[in-house]
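Throughout, a chain's letter reflects where its sequence line sits, starting with A, and its residues are numbered from 1.
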Amino acid sequence: MESLLLRAYQRMYRAFGHQHWWPAESALEVCVGAILTQNTSWTNVELALCNLRHHQALDLAVLHSLEPKQLANLIRSAGYHNVKARRLKAFTSLIIETFDGQLELLFQEEGARARALLLGVNGIGPETADCILLYACSIPSFVVDTYTKRIFFRHSWINERASYDEVKQLCEESLSDSIGPHENRLEYWQDYHAQIVRIGKEFCRPKNPRCEACPLNELLPESGVKLSRSLSV
DNA sequence: TTCCTGCCCC
DNA sequence: GGGGCGGGAA
């Protein structure tokens, strides 16, 4: 499996180049974006981020002070705006109450503790927490998402019902000994997830996957054979 | 119409 | 494990 996941990365990297993720101007923007993009396409999130910035609301204290209704209106384009407004404020509450409003103090926590703190926030689950850790805190924590599971399952690298933590552990253990073409593990894992997203959006789609043109095509269990399991996951 | 880098609550 | 949350783009 080690060489398999490594070879997968090499193929994606060759096809797409370094993705330079996460696209954001600040660590806070990464955190906000990670919450807003839950089950939501990124283009809709960008509209919301743009709107927040335009209202000088891409700021911890401002976000914290806004009325839930006001905040929901600002992020309306991201969908689930009422629940996400609540989640954003739950996140700002953590930073303000635990770290005196200094987001950088979260970055200095030990990885496991930072993750536990994030998971303690209502509305932040494992994927959102790992995105914040990996892309905002610069703490290596592999991100697993629906794309990861779908791609891995279709390639028979995981069981269909594999849990989040199982897939995460598989990736972290498999990729710990190599850093690909990068400087370090952090950059490697950041780019690995970005490449996965690229594959998931452009090739390994829910319906009508484009296996023939996919950079991972040769890593299919039976190369060249069209998978019957093109739906679900 | 479907789909989108989830998560919580029942 | 099932339902609810949701606007925007294809």
* Asked: What distance, rounded to whole Å, do you find between the two P atoms, one in C:dG8 and one in B:dC7?
  -> 23 Å

Residues in residues 8-23 of chain A with a heavy atom under 4.0 Å of DNA chain C, by number, are none

The side chain to side chain donor-acceptor pair (under 3.5 Å) partners of A:Gln70 (sequence neighbours excluded) come to none

Between side-chain atoms of residues 27-37 of chain A and protein atoms elsewhere (two or more places apart, or another chain), which donor-acceptor pairs fall under 3.5 Å?
unit_1, atom_1, unit_2, atom_2, d
A:Glu29, OE1, A:Glu25, N, 3.2
A:Glu29, OE1, A:Arg53, NH2, 3.1
A:Glu29, OE2, A:Arg53, NH2, 3.0
A:Thr37, OG1, A:Thr40, O, 3.1

Requested in this report: Could you verify whether a donor N or O on one side chain and an acceptor N or O on the other, from A:Glu104 and A:Gln108, lie under 3.5 Å apart?
Outcome: no

Residues 26-75 of chain A vs ring-ring contact (aromatic ring centres under 6.0 Å, His included), sequence neighbours excluded, gives A:Trp22-A:Trp42

Ring pair (Phe, Tyr, Trp, His ring centres under 6.0 Å) filter on A:Tyr13, not counting sequence neighbours, yields A:Tyr9, A:His182

Atom CZ of A:Arg86 and atom P of B:dC8 are separated, to the nearest Å, by 11 Å

Atom CZ of A:Phe91 and atom P of B:dG6 are separated, to the nearest Å, by 18 Å

From the list A:Leu103, A:Val121, A:Ile139, A:Leu118, side-chain contact (heavy atoms from CB on, under 4.5 Å) with A:Ile132 holds only for A:Leu118

Joining Ile, Leu, Val, Met, Phe, Trp and Tyr whenever any side-chain heavy atoms lie under 4.5 Å apart, the cluster holding A:Val83 also takes in A:Tyr80

For A:Ile35, which contact category applies under a 4.0 Å heavy-atom criterion: base, sugar-phosphate, or nothing?
nothing

Contacts of A:Glu109 meeting salt bridge (Lys or Arg N to Asp or Glu O under 4.0 Å) (sequence neighbours excluded), chain-then-number -> A:Arg113

Taken to the nearest whole Å, CD1/A:Ile132 to P/B:dG6 is 14 Å

Heavy-atom nearest nucleotide on DNA chain B taken for A:Val121 and for A:Asp145; more 5' hit belongs to A:Asp145

For A:His20, the ring pair (Phe, Tyr, Trp, His ring centres under 6.0 Å) test, sequence neighbours excluded, returns A:His18

In short, salt bridge (Lys or Arg N to Asp or Glu O under 4.0 Å) pairs touching residues 64-82 of chain A with sequence neighbours left out are none

Sequence neighbours excluded, the answer for salt bridge (Lys or Arg N to Asp or Glu O under 4.0 Å) partners of A:Lys168 is A:Asp130, A:Glu172

Rounded to whole Å, CH2 of A:Trp42 lies from P of B:dG6 at a distance of 12 Å

A:Leu88 CG to B:dG6 C1', in whole Å, measures 14 Å

Could you go through nucleotides 1-3 of chain C and list every protein N or O atom that sits under 3.5 Å from one of its N or O atoms, giving the distance for each pair?
none

message: I want to check one thing: is the phosphate of B:dC3, taken as OP1 and OP2, less than 4.0 Å away from some side-chain N or O of A:Lys207?
response: yes

A correct 5'-to-3' footprint of nucleotides 5-10 of chain C, with B, S and - meaning base, sugar-phosphate only and no protein heavy atom under 4.0 Å, is BBBB--

